[in-house]
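Notes to accompany the following structure.
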Number of protein chains: 2
Amino acid sequence: MAQKPAIPKGTRDFLPDEVARRTYIFDTIKSVFKNYGFAPIETPSFELSTTLLGKYGEEGDRLIFRILNSGEKMKKADLEALQSENLARFANSLAEKALRYDLTVPFARFVVQHQNELSFPFKRYQIQPVWRADRPQHGRYQEFYQCDADVVGSDSLLYEVDFVQIFDQVLTKLQIPGFTILINNRKILSGIAEVSGESEKLIDITIAIDKLDKIGEEGVVKELKEKGVSDKAIEIISPLFKISGSNEARLDQMKSFLKDSEIGLKGIEELEFVLNQTKELGLERAEVVFDVTLARGLNYYTGAIFEVKVNDVKMGSICGGGRYDDLTGLFGLSGLSGVGISFGADRIYDVLNELNLYPEDTNAGLTLLFANFGDKEAAYCMKLTKKLRQNGVDCEVYPSAAKMQKQFKYADNRKVKFVALIGEDELNKGQLQIKNMESGEQQAMTETELLHYFKA
Amino acid sequence: MAQKPAIPKGTRDFLPDEVARRTYIFDTIKSVFKNYGFAPIETPSFELSTTLLGKYGEEGDRLIFRILNSGEKMKKADLEALQSENLARFANSLAEKALRYDLTVPFARFVVQHQNELSFPFKRYQIQPVWRADRPQHGRYQEFYQCDADVVGSDSLLYEVDFVQIFDQVLTKLQIPGFTILINNRKILSGIAEVSGESEKLIDITIAIDKLDKIGEEGVVKELKEKGVSDKAIEIISPLFKISGSNEARLDQMKSFLKDSEIGLKGIEELEFVLNQTKELGLERAEVVFDVTLARGLNYYTGAIFEVKVNDVKMGSICGGGRYDDLTGLFGLSGLSGVGISFGADRIYDVLNELNLYPEDTNAGLTLLFANFGDKEAAYCMKLTKKLRQNGVDCEVYPSAAKMQKQFKYADNRKVKFVALIGEDELNKGQLQIKNMESGEQQAMTETELLHYFKA
């Protein structure tokens, strides 16, 4: 019996128009990355399990797709582990390889492995799918693309400046009407913890402050107390809840707040540099906002932290990024500072769909279809298609002399722009009929005129 | 302890220049597919195991990478199967999903699943990686790309004509100096078996004849005897060994040989149509050769069979294809004829490397690097990069005021074409120095002249 066709939950097929839309997004991102001096790399879809495991926390390890060892190796299954329900160990005995979970860890592995072939600072972009065994749900997939650009081997803040420009350029090119680049610096967060006298509670404090928007000042205070932050520290921190005004005003307030923290003031200085240079360069559509509550993967970042949100659309961030001081240390190469950003292509795809922002010709349509009136006419049309294709015109001959109605229906479905009608009469007279499928207008032209028309 | 970085055997990292070369190949293939009216689709990297298993023979099943079920599902491991060394069954109990093994079966599944969203004939191209658990060896990888174009839903021979043109166009654009498109028709092979009175030995006969080049007439006769083909049949077949001359001459000889086989003559008629139309249209660099011994995956094809070889390079075929009458029948949709071709991107990559055929600028180089003389100068250069980037010039500022030697070494490694030298003097005078890294020439220009120079 024939199988009912289906694909795994959480995965997607892309039909031609969808591929065209996604290609438009990827190409836009790629062209800007390239424009800013980033070069492409690619890594294998699967890595050794040992490369990935333990890099994303316990939850991450569970979500990594493992590849079953082939053949005889399966006999090494650790049945004791299975019996004692140590599923992680059971999986390890059966799967030496695992699918890429993100692009950052493979990039770190790549840099260390190829360090003698690369020149530093190394600026790479990478646009490839990643896989996560997340429970499939609306807008969350088991296979999706990440679009990353990173520099490794320099602590220059000029790269932070460039990344702000890249966010602005890409999203402006994609016609997103308004978006906000949130920016913060991990050193400022460290300074806050230091000033409050609770450096060891840095993470708790940051997580609580991060919720200010949602739970208000009272909620934050409550959470801080629950986490054991002292009343004195809370009192010191509380002015942060009122920070407001322009970026400059916020920076002034923070400078005063952090006046006794060296690391905090260093963070302010870095942030000021990026904001000042950004002001000098100007932005197309982005607004940059210093958000002292922005934390994103705090344990990871050591300097700048970025996040981008689309204005007036209910959706999480569509881009993120930041600086990390020792990414490649995991693989034995210490002291290389890195900074990078990531575009969430699937969320951007959803935003563009929701706001209907694709350029009109972003589809897999065809420029010209030659209707088929029979073998002799088709043979003539085949010759014409050859000439037109050489001039870059996407075209084809309908494959059989079917009824015109059927041929036009095909033209409609394929979003064909023009249909050429060349029957015996036209062939004899040398007068080809070209129908504009949008306007419905029909026009007679000679072969030379046709070639000229589509060249233009 | 830090891990020593490595990737699984049979997989590859691609550095920037390699990605640039591969992108050049993919883009060339894509542009021709599109030019001939094919539209892109994408399918998930993994399919349900049941979609793939049993479609590629026993050997194929063994080479399919399986994805280990996550979490609690692992407890369903069929330990009896493991004990009785039924590893296939053990694998089935542990892996509901499997990585794509080729693009054809997923395409068939796709067509059936989306039949109501597609218009037929449906012309799709698909350029995606596939995975096979082959023993890694030189030139054979566990992850590699396939580039396929297929039409499903029409038996028109115009598509065969188009595919011959596509082979010619793509490989000519890739500058491959000489290549041969071998063409045959499964119906001719059926006719040969019929005429010899041994229709049920079709496969044995074809496999033997396929070896004529390698083992000579005597060898083929020996093999036929071993396979139990009767002496009488061998006598009937033997004139095939002498078939020679132009395509027309060969066709004449085969017409006479197959005069009593309806299906054989049908095959000749189809082949003649394709060859005649191809002659009318002309070819750039390809030679088309009717090769009556060409069989390729005989069980699969039902009409035309294609194979492309590069002249004067020791390597198997770089492209293949053919017509199959009932591909989607596997998934419950019968009666759709299909025809398709595939470009082996990795072999083409090897050929272009061996013959050094890449256009000169196929690398991940940078057009212009601004040397960094300090904060003030760098800030000025950042503004210039913004203007240049808006004009499409790929450029960047060196991230710190390092020694010039170091900055120039970076420029060399990055294959930078021009370096801009803008120190305090140049800044004050408004005379920027631009060094051509290839010729070594240095030129003074104003900002306006610079913008104009790189616009051109």
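First the proteins, then the strands, lettered A, B, ... as listed; each starts at 1.
For the pair B:Arg100/B:Ser45, a side-chain contact is recorded, criterion being any heavy-atom separation below 4.5 Å from C-beta on. Using a 4.5 Å heavy-atom cutoff, the side chains of B:Asn92 and B:Arg66 are in contact. At a threshold of 4.5 Å between non-hydrogen side-chain atoms, the residues B:Ile41 and A:Glu18 do not count as touching. Residues B:Leu87 and A:Glu72 form a side-chain contact, since some pair of their non-hydrogen atoms from C-beta on lies under 4.5 Å apart.
Interface residue A:Glu47: backbone and side-chain heavy atoms are both found under 4.5 Å from chain B. Heavy atoms closer than 4.5 Å to chain B are found in both the backbone and the side chain of A:Tyr398. Using a 4.5 Å cut-off between heavy atoms, A:Ala77 touches chain B through its side chain atoms alone. The part of A:Leu94 that comes within reach of chain B is its side chain, from C-beta onward, which places non-hydrogen atoms under 4.5 angstrom from that chain. Heavy atoms closer than 4.5 Å to chain B are found in the side chain of A:Gln277, but not in its backbone. Both the backbone and the side chain of A:Ala91 come within less than 4.5 Å of a heavy atom of chain B. At a 4.5 Å heavy-atom cutoff, the contact between A:Thr50 and chain B is made by backbone and side-chain atoms alike. Looking at A:Val32, neither its backbone nor its side chain comes within 4.5 Å of chain B, counting heavy atoms on both sides. When heavy atoms are compared at a cutoff of 4.5 Å, A:Leu118 approaches chain B solely by way of its side chain, counted from C-beta outward. With a threshold of 4.5 angstrom between heavy atoms, A:Leu368 does not approach chain B through any atom at all. Interface residue A:Lys75: backbone and side-chain heavy atoms are both found under 4.5 Å from chain B. Residue contact with chain B, scored on non-hydrogen atoms closer than 4.5 Å, involves the backbone and the side chain of A:Glu42 alike. Of the atoms belonging to A:Tyr159, it is side-chain heavy atoms, and not backbone ones, that fall under 4.5 Å from chain B. Interface remark: A:Thr43 contributes backbone and side-chain atoms alike to the contact with chain B (heavy atom separation under 4.5 Å).
Between chain B and the residues A:Glu396, A:Arg22, A:Arg124, A:Gln113, the most heavy-atom pairs under 4.5 angstrom are made by A:Gln113. If you tally non-hydrogen atom pairs under 4.5 Å between each of A:Asn413, A:Thr11, A:Leu48 and chain B, the highest count goes to A:Leu48. Contact count against chain B (heavy-atom pairs under 4.5 Å) is highest for A:Cys395 among A:Ser70, A:Cys395, A:Ala133. Per-residue heavy-atom pair counts under 4.5 Å with chain A were compared for B:Glu280, B:Gln83, B:Gln390, B:Lys123, and the maximum is reached by B:Lys123.
Closest heavy-atom contact between A:Val112 and A:Leu333: CG2-CB, 3.8 Å.
Note: A:Trp131 and B:Trp131 have perpendicular aromatic rings, judged against thresholds of 30 and 60 degrees for the angle between ring planes.
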